[in-house]
Amino acid sequence: STLVKAGFQHIQVLEAMGRPGGRIYTTRPFGQNVIELGANWIHGQEANPLFLLAQERGLLLEERGSASIMCLPGSVTPRDYFFRESGRQLTVDEVEQVCSFFSGLTSRAFGSELEPRHSSQSLGGYLDEEFAQSPLAASEDGQRVFEWCKRSECTDEASSSLYEVSASQLGHYVALEGGFFNSLGPGGYQALADTLLDNLQPGAVLCDRPVHSIHWGLQEEKNHTHPVRVLCKGGQCFTADHVIVTVPLGFLKENAAAMFEPALPKSKADAIERLGFGTVDKIYLRFEDRFWPHDCAGIQLVWDAGPEDEEVYQHSRSEGGAWRDMWYKKICGFDTVARHPTVLCGWITGREAQHMESLEEKMVGEVCVRLLRSFTGWSVPEPAQVLMSKWGSELFVRGSYTYPPPGVDAVREHTALAAPLPLPCEAGHSQAKPLQVLFAGEATHVSFYTTTHGAYMTGIREAQRLIDLYTEKEPDSYN
Ligand SMILES: Cc1cc2nc3c(=O)[nH]c(=O)nc-3n(C[C@H](O)[C@H](O)[C@H](O)COP(=O)(O)OP(=O)(O)OC[C@H]3O[C@@H](n4cnc5c(N)ncnc54)[C@H](O)[C@@H]3O)c2cc1C
């Protein structure tokens, strides 16, 4: 859209799936109201271009300020029901104290306020160390709720465990101010994605066109009029002056080595390997009738020994595949869903989520009902419908979003991933045409990775690089 507005012509979008949107995936399996299998909220309002776009196009829910459309950082509300494995419900006070303590600790990590001794620690390690010094750690309930908080935080980090996320590198992520999670109206997230296609020529987006390989650095003297050739799986071939690659980091991890000819430079291949890309899945359960109390916003599962207890986590790493039998322990809980009064949404992350994807939906539904019954003691009926996302097995994504593992210099790696080809040092040696292959997508943003607005801004960043090239404008920094 930015390129079209700047007068660029002959733009072709090649999308592997049968629909445009990628990790924005709005569906209507339970009637006319939308269910989001991918992105759900716009994170923050201040200086968030997607929030502004949604506002401009009238796509936000109208009841601004309503709790159903917006939630605040670290918000576990008094309307969340927390149950221990024994079936005992925890008091709001008990849960609140631990959750706000936890939220204070993560805020210090995200605010780059950690002490130097935490710099090489995992987020899990840092949190454990700090929590051990708190009086809240003296109570069994406190410890168990703290484990739940870590498990829940894995959904923000898309990681198998917080022991696999760097504590200090989170400080490079920037959370935008304003309503934290803003919801979209009846068209869901897809309506917002569609506005981005508005300016394109009919036929500019070709779906079901998986790109097989990208050949760059083609030389003019060998009769190549364009420096890049893109081959699709079906055999279709496109030549181009410039290609912007926006495939997810998960796809690159699996395919980059065979996808580029010549191969990607080492700095980029290293970035693909070093940055983390984990899975977050949702499990939607639709019931004929609501069985939970009217004021209940979510049913949270507090295990006696959950997968984010350090001992359980360390043991699961050494015991081989036994964690698979306990995959359901990674489900944080089941939240109620806006505009669906009889639907619950469960959240699960990491390798356990990937394992769940291999199971039948019916079986996953049965396990969820068993959990709900045993934790709450309520009479829980069988669900009428079960629907789960499968981001880990989705061939063209292979996960949900990016995170920084311990020991990784996240800024360096995001920057290396974003660098266009040929790299300046290579371009200097040969007479290669500049900006042949450019890279966008959430994983290429230094401070807004994981988000839709991050992905959007990287698209504009790369379009601007091309615009600057043809207007011979001195490039700004492209962050
Ligand atoms: C469960 C879940 C919940 C989320 N919740 C939120 C949220 O609430 N708020 C938020 O801001 N973000 C959220 N996100 C993250 C957000 O969805 C992503 O960061 C963002 O959509 C990524 O956009 P992208 O353009 O980088 O990648 P994608 O949207 O993944 O687009 C990449 C595209 O490349 C295509 N592709 C891959 N390989 C090929 C190939 N070989 N040839 C052609 N095309 C190919 C893919 O099919 C895909 O359409 C969530 C993500 C998930 C999975």
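Both counts, for ligands and for their atoms, begin at 1 and track the order of listing.
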Show me which atoms of ligand 1 lie under 4.0 Å from any heavy atom of [X].
{"X": "Ala455", "answer": "22 (C), 23 (O), 24 (P), 25 (O), 26 (O)"}
{"X": "Pro210", "answer": "42 (N)"}
{"X": "Leu14", "answer": "43 (C), 44 (N)"}
{"X": "Gly21", "answer": "29 (O)"}
{"X": "Leu37", "answer": "1 (C)"}
{"X": "Gly22", "answer": "29 (O), 48 (C), 49 (O)"}
{"X": "Ser400", "answer": "53 (C)"}
{"X": "Gly441", "answer": "26 (O)"}

Give me the nearest non-hydrogen protein atom to [atom] as residue plus atom name, then the distance to 0.1 Å.
{"atom": "atom 30 (O) of ligand 1", "result": "Arg23 NE, 2.7 Å"}
{"atom": "atom 48 (C) of ligand 1", "result": "Glu15 OE1, 3.5 Å"}
{"atom": "atom 9 (N) of ligand 1", "result": "Trp41 O, 2.7 Å"}
{"atom": "atom 11 (O) of ligand 1", "result": "Thr452 N, 2.9 Å"}
{"atom": "atom 4 (C) of ligand 1", "result": "Ala39 CA, 3.4 Å"}
{"atom": "atom 36 (N) of ligand 1", "result": "Val247 CG1, 3.9 Å"}
{"atom": "atom 26 (O) of ligand 1", "result": "Glu442 N, 2.9 Å"}

Sub-3.5 Å donor-acceptor pair from the side chain of [X] to the main-chain atoms of [Y], do we have one?
{"X": "Gln12", "Y": "Gly203", "answer": "yes"}
{"X": "Glu147", "Y": "Glu308", "answer": "yes"}
{"X": "Lys268", "Y": "Ala419", "answer": "yes"}
{"X": "Ser107", "Y": "Ser103", "answer": "yes"}

Tell me whether ligand 1 is touched by Arg209 - counting only heavy atoms on the residue side and a distance under 4.0 Å.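 Heavy atoms of Arg209 do come under 4.0 Å of ligand 1.
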Would Gly38 count as a contact residue for ligand 1, given that I'm defining contact as a non-hydrogen atom of the residue lying under 4.0 Å from a ligand atom?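 Yes, that is the case, since the closest heavy atom of the residue is under 4.0 Å from the ligand.
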I need the single residue from Met356, Met388, Gln354 that forms a side chain to side chain contact (heavy atoms under 4.5 Å, CB included) with Asp281. Which is it?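 Output: one option passes, namely Met356.
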Shortest heavy-atom approach to atom 50 (C) of ligand 1 - which of Tyr449, Phe396, Phe448, Tyr401: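 Closest candidate by heavy-atom distance is Tyr401.
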Heavy-atom nearest option to atom 32 (C) of ligand 1, drawn from Val211, Val280, Thr246: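 Among Val211, Val280, Thr246, the closest heavy atom to atom 32 (C) of ligand 1 belongs to Thr246.
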For ligand 1, which is the ligand I care about here, please tell me if [X] has any N or O atom under 3.5 Å from one of the ligand's N or O atoms.
{"X": "His453", "answer": "no"}
{"X": "Thr450", "answer": "yes"}
{"X": "Ala16", "answer": "yes"}
{"X": "Asn40", "answer": "yes"}
{"X": "Trp391", "answer": "no"}

With a sphere of 6.0 Å drawn around [atom1] of [X], does it hold more than 12 non-hydrogen atoms of other residues, nucleotides or ligands?
{"X": "Tyr25", "atom1": "OH", "value": "no"}
{"X": "Met259", "atom1": "CE", "value": "yes"}
{"X": "Gln385", "atom1": "CD", "value": "yes"}

What class does the angle between the rings of Trp303 and Tyr328 fall in, given that below 30° is parallel, 30 to 60° is tilted and above 60° is perpendicular?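 Plane angle between 30° and 60°, so tilted.
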Classify the ring geometry of Tyr163 against Tyr313: parallel below 30°, tilted from 30° to 60°, perpendicular beyond 60°.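 Plane angle under 30°, so parallel.
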Could you work out, with ring pair (Phe, Tyr, Trp, His ring centres under 6.0 Å) as the rule, every residue matching Phe238, not counting sequence neighbours?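 Partners of Phe238 by the ring pair (Phe, Tyr, Trp, His ring centres under 6.0 Å) criterion come out as none, since no residue qualifies.
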Once ring pair (Phe, Tyr, Trp, His ring centres under 6.0 Å) is applied, do any residues pair with His453, and if so which ones, sequence neighbours excluded?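 Here the qualifying residues are Phe448.
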Reported CZ-to-CG distance for the pair Phe287 and Leu372, which is rounded to 0.5 angstrom: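 Here the rounded value is 6.0 Å.
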Between CG of Leu162 and CG of Leu123, what distance do you get to the nearest 0.5 Å?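 With rounding to 0.5 Å, CG (Leu162) is 5.0 Å from CG (Leu123).
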Kindly indicate, with the supporting measurements, whether the criterion side-chain contact (heavy atoms from CB on, under 4.5 Å) is fulfilled by Tyr401 and Val280. CA-CA 8 Å; Tyr401 32 91; Val280 176; 3.5 Å; yes
Which bit of Asn255 gets closer than 4.0 Å to ligand 1, counting heavy atoms only: side chain, backbone, both or neither?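 None of Asn255 does.
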Side chain, backbone, both or neither: the part of Phe251 lying under 4.0 Å from ligand 1 by heavy atom: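 Within the 4.0 Å criterion, Phe251 contacts ligand 1 through side-chain atoms alone.
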